[in-house]
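Order of the sequence lines fixes the chain letters, A, B, ..., with proteins taken first and strands second; residue numbering starts at 1 for each chain.
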Protein chains: 2
Amino acid sequence: MVSIKDVAKDAGVSPQTVSNCINNPSIVKPATRKLVEASIERLNYTPNASARRLRTQRSNTIGIGIAPVSYSQVYDRFLHALVTEADANGIRVILYKTDSQQDEIRQFDALRARGDVDSFVLTDTTHDDPRLAWLHEHHQPFVLFGRPWGADDMNDPATPWVDVDGHYGIAEMTQHLILHGRKHIGFIGWPGVSGTGMDRYAGWRDAMLGARMAGPDELEQLYEEAKNDILSGQTACIALLDRRPDLDAIVCVSDTLAIGAATVLPSDTDIIITGFDDTVSARSMGLSSIAQPLIESARHIVRITQEQFVAPAAGRAGNGTGGATGSGGTSVNRKPDAIVSAPPTDDRHVLLKPTLVIR
Amino acid sequence: MVSIKDVAKDAGVSPQTVSNCINNPSIVKPATRKLVEASIERLNYTPNASARRLRTQRSNTIGIGIAPVSYSQVYDRFLHALVTEADANGIRVILYKTDSQQDEIRQFDALRARGDVDSFVLTDTTHDDPRLAWLHEHHQPFVLFGRPWGADDMNDPATPWVDVDGHYGIAEMTQHLILHGRKHIGFIGWPGVSGTGMDRYAGWRDAMLGARMAGPDELEQLYEEAKNDILSGQTACIALLDRRPDLDAIVCVSDTLAIGAATVLPSDTDIIITGFDDTVSARSMGLSSIAQPLIESARHIVRITQEQFVAPAAGRAGNGTGGATGSGGTSVNRKPDAIVSAPPTDDRHVLLKPTLVIR
DNA sequence: CTGTTAGCGCATTCAC
DNA sequence: GTGAATGCGCTAACAG
């Protein structure tokens, strides 16, 4: 392994100057800098991460959990987006298992104690989530992907989150259908009190009521619940059509349910089925769907993570001289205000708009 | 952060003794050991990973890639299994992006140079895979999940792999159907020369020929190709039934295709559809499927990874005193011979048997 | 602007 | 069996 000393020797400078070239290039004379950079290139030098971490007491690593069975169809795409954005900022992503919320807390504790991570990304937050309590208690930085439904601290700066506006997405889709002449639009949603599910349901409800396509009493007829699997989608669709044979469109809370619904439609039907998440399956079936801005979400998550260290609780941080992206990495000059496309726009709570994919 | 010195002070011993208690407990007197362990417990001490890595020049970390779009429906389950097995052995898992094979090589290079990773886990190996060439050239340890199809080094100890026997799984499923009276069994496979796809196809073919359920000439009629999405599964199923209305079962190379096939069957049909991977969707649809032993796969991958460092190219290593699993972690005393359930049984090439899930 | 000194936390020599 | 040194590779203080 080639170390900073080798580079120093090769360039005829001190190790310190090499370090400066990497971490604080502006303070070193351009001439010597060129020299050093040439040596770095020639020797193919890369700073040792462990040594740097030991010295700086920062891991430049974020941890994210993986459950035994995936939360959703988009989780792997989200992981890819997160890793991509992290990589562009010189940050690594460590994976840990989450067999349960308690298990996840144990992982927090271990990773934290070993100094393996700076911050965590949590998904699937629940009411009174014990993980949040633990993280707060231990002053452990984190960012939620998904809002802390049911928690009081939705706007607490100490509970940063990034989420996609399901209400908006479903409402837009419903309005799109209305605009294209659909008059009787059903909805297949998830049972229970999942915040995400209720939010999406409300999108359909509000769009329907807003366009006066149904009275409050009629909504119930147009609504069916289903567990998130294909068979349940089929069953729900059949039940819905049985009750309301006049339906000309069904908005589904997920692509999985949409596929279930679509596969039990009579072959000569005109009924439109729509889903959520724009999965490969929906695409192949020609179903309209709603795409989450995963890359943008990941970008905000990484940004917030970074900011937690430069400015523990305040607003934006100047781009300053602190950037330590040794190699690669796109520019970090971002204008969050231009990215955040919906209210809550304080920079620790970001609600992003999904986009309709009409097929 | 509590360090080894704090523990030493608390226990009234030298830092060295504390280190020994952790890494080489046998050489320290039981009495003092108890003392130290009590202090460790009391102070909730955990060794700093970066410091240890810097000292030992081992990261105890394996890297695994995540593609923009998932290789398969089981990838996240595999990730969970891998993380679980790694965790049980005191190993962490780092995630990196793989937008292409070339991109993955860049990641190898970066992670390796920074000392972030000891070993890599690769999936989706292709013919003349440039990643393998790079890894070999740089003497970078790795393990494949999936065989190196088309490569000459299938049995090369320097190219360790763990895979699931698709041929066996599909053949077993086909035989199961035959045993239960099915006489005309079709197959929907993937197009192209994917090693995995051809292996599974061969399983069906060999089972059919072996049971004399079809002559070599008839096989072609019973076979249809489809891209791995639901619509293609539907189309293929229709084409197959159109050509051979007498079919009473269709074996599919994946659950996705099986779901496509199942959703276009007439409602009064008796035709059995089977899939591969035992996904939630297949389960919900009541389809028989073939489950990969992901945990066992992950276990072997982790084991091989470990062995690459204790015994670079030879056989088994004694359990010795080298184990450095500070916390948690189940026993590492395994008998691979009892686990490996199919030939290639040299311990660097493991072919595992999947299990039928009959519904 | 550059070089020297020191130490992050740990594990591996060696003395004792 | 235990304690005292040394250095892994790097960067944050200083001194020049």
Answer with yes or no after comparing the ring centroid distance for A:F142 and A:H136 against a 6.0 Å cut-off, counting only values under it.
yes
Length of the line joining A:I4:CD1 and D:dC8:P, which is rounded to integer Å
13 Å
Counting the atoms with a prime plus P, OP1 and OP2 as sugar-phosphate, which does A:T32 contact under 4.0 Å by heavy atoms, base, sugar-phosphate, or nothing?
sugar-phosphate
Mind calculating the distance between CD1 (A:I22) and C1' (D:dG9) to the nearest angstrom?
11 Å
Rounded to whole Å, how long is the line connecting atom NZ of B:K29 with atom C1' of D:dG1?
7 Å
Which nucleotide in the list C:dG9, D:dC8, D:dC10 gets nearest to the side chain of B:N48?
C:dG9
Integer-rounded Å distance: C:dC1 P and A:N24 CG
12 Å
Rounded distance (Å) that lies between atom P of D:dC10 and atom NZ of A:K5
10 Å
If a pair means Watson-Crick or G-U wobble with both distances below 3.5 Å, what does DNA chain C look like in dot-bracket form, with | marking bases paired to a different strand?
|.||||||||||||||
Between A:T305 and A:S119, which heavy-atom pair has the shortest distance, and what is it?
CG2-CB, 3.6 Å
On DNA chain D, does the nearest nucleotide to B:S14 precede the nearest nucleotide to B:L54 from the 5' side, or the other way round? Give the residue.
B:S14
Which part of the nucleic acid, if any, lies within reach of A:S3 when heavy atoms closer than 4.0 Å are counted: base, sugar-phosphate only, or nothing?
sugar-phosphate
Search all heavy atoms of B:D129 against all heavy atoms of B:Q101 and return the closest pair with its distance.
OD2-NE2, 3.3 Å
For the pair made of CG in A:N23 and C1' in C:dT2, what is the distance, rounded to whole Å?
16 Å
Give me the ring orientation class for B:W134 and B:F108: parallel if the planes are under 30° apart, tilted from 30 to 60°, perpendicular past 60°.
tilted
Of the listed nucleotides C:dG9, C:dG3, D:dT11, the one nearest the side chain of A:V13:
C:dG3
Please give me the minimum heavy-atom distance between A:D118 and A:N60, naming the atom from each residue.
OD2-N, 2.7 Å
For A:I295, I'd like to know if atom CD1 has over 12 heavy atoms of other residues, nucleotides or ligands within 6.0 Å.
no
The answer to which of B:T17 and A:Q16 contacts DNA chain D further toward the 5' end, by nearest nucleotide, is B:T17
Aromatic ring pairing A:F145/A:F78, orientation class (parallel under 30°, perpendicular over 60°, tilted between):
parallel
Atom-pair distance (CZ on A:R55; P on D:dA13), nearest Å:
8 Å
Spacing of B:N20 atom CG relative to C:dA11 atom P, expressed in whole Å
9 Å
